[in-house]
Amino acid sequence: MSNNLPRDLTLYLLARFVLVAVIAWALSLAGVPLLVALVIGLVVGLPLGLLLFRPLNARVTAGLAKRNEKRARARAELRAQLRGDGQPE
């Protein structure tokens, strides 16, 4: 399986921004001032995005966990080598 974290993260961020923009646009059409519409869009869009984009959120979370696991393993290997526990390659 290839590493799709950058693509998934970009898609997730763009989807969240588009959701906030759509909410703010709809509110501004209803006569709400733009700044207020943006604030409401942020407040409503954050939890709504978690629900609407759950599969994409799960992929991003899994990708971040995988990356952090690799980094922790590499860090542990480096520490072992610095202590002299690692085998020279």
Side-chain angles (χ1 to χ4, degrees):
M1 183 173 179
S2 64
N3 185 7
N4 294 323
L5 179 61
R7 182 198 60 159
D8 289 342
L9 187 58
T10 302
L11 285 174
Y12 184 64
L13 289 173
L14 286 175
R16 297 286 297 263
F17 281 130
V18 167
L19 179 63
V20 169
V22 167
I23 292 170
W25 174 75
L27 289 171
S28 67
L29 283 179
V32 176
L34 183 60
L35 187 57
V36 175
L38 283 173
V39 171
I40 293 172
L42 282 172
V43 171
V44 171
L46 291 177
L48 190 59
L50 288 174
L51 294 174
L52 292 176
F53 308 125
R54 188 176 301 245
L56 189 54
N57 185 4
R59 288 198 323 239
V60 169
T61 302
L64 288 172
K66 185 176 180 181
R67 185 191 68 167
N68 288 340
E69 182 181 307
K70 287 180 184 178
R71 292 177 72 193
R73 191 170 33 251
R75 190 170 34 249
E77 290 174 6
L78 177 62
R79 287 182 180 153
Q81 288 176 357
L82 290 174
R83 283 192 310 266
D85 298 341
Q87 299 291 332
E89 294 185 24

_Set of side chain to side chain contact (heavy atoms under 4.5 Å, CB included) partners for Arg54, sequence neighbours left out_ = Leu51

*Could you work out the complete set of other residues in the hydrophobic cluster of Val18, with links drawn between I, L, V, M, F, W and Y side chains under 4.5 Å apart?*
Val22

_Can you list everything that forms a salt bridge (charged side-chain N to carboxylate O under 4.0 Å, His left out) with Arg59? Sequence neighbours excluded, please._
Asp8

*Transitive ILVMFWY cluster of Leu35 at side-chain heavy atoms under 4.5 Å: who else is in it?*
none

*Please identify each residue that fulfils side chain to side chain donor-acceptor pair (under 3.5 Å) with Ser28, with sequence neighbours left out.*
none

*Within one Ile-Leu-Val-Met-Phe-Trp-Tyr cluster: Leu52 and Val60, side-chain cutoff 4.5 Å*: yes

*Quick one: closest heavy-atom pair of Leu5 and Arg67, and the distance?*
CD2-CD, 4.3 Å

*Between Arg7 and Thr10, is any pair of side-chain heavy atoms under 4.5 Å apart?*
no

_Atom pair CG/CG of Leu38 and Leu27 - distance to nearest 0.5 Å_ = 9.5 Å

*Begin from the C-alpha positions of Arg75 and Leu78 and carry the test side-chain contact (heavy atoms from CB on, under 4.5 Å) through to its verdict.*
CA-CA 5 Å; Arg75 190 170 34 249; Leu78 177 62; 5.7 Å; no

*asked:* Clusters formed by hydrophobic residues whose side-chain heavy atoms approach within less than 4.5 Å: which one holds Val20, and what are its other members?
replied: Leu42

*asked:* Who clusters with Leu14? Use side-chain heavy atoms, under 4.5 angstrom, across I, L, V, M, F, W and Y, and order the result by chain and number.
replied: none

_A side-chain contact here means heavy atoms from C-beta on lying under 4.5 Å apart; do Leu19 and Phe53 qualify?_
yes

*Do the side chains of Leu64 and Leu56 join up, straight or via other hydrophobic residues, at under 4.5 Å, putting them in one cluster?*
yes

*Looking at residues at least two apart in the chain, or sitting in another chain, which of them share a side chain to side chain contact (heavy atoms under 4.5 Å, CB included) with Val36?*
Val32, Pro33, Ile40

*Report yes or no: does Arg16 contribute a side-chain atom to a donor-acceptor pair with the main-chain N or O of Leu46 at less than 3.5 Å?*
yes

_NZ/NE/NH1/NH2 to OD/OE distance under 4.0 Å, Glu69 and Arg73_ = yes

*Contacts of type side chain to side chain contact (heavy atoms under 4.5 Å, CB included), residue Asn57, not counting sequence neighbours*: Tyr12, Leu50, Thr61

_All side chain to side chain contact (heavy atoms under 4.5 Å, CB included) counterparts of Leu13, not counting sequence neighbours_ = Leu9

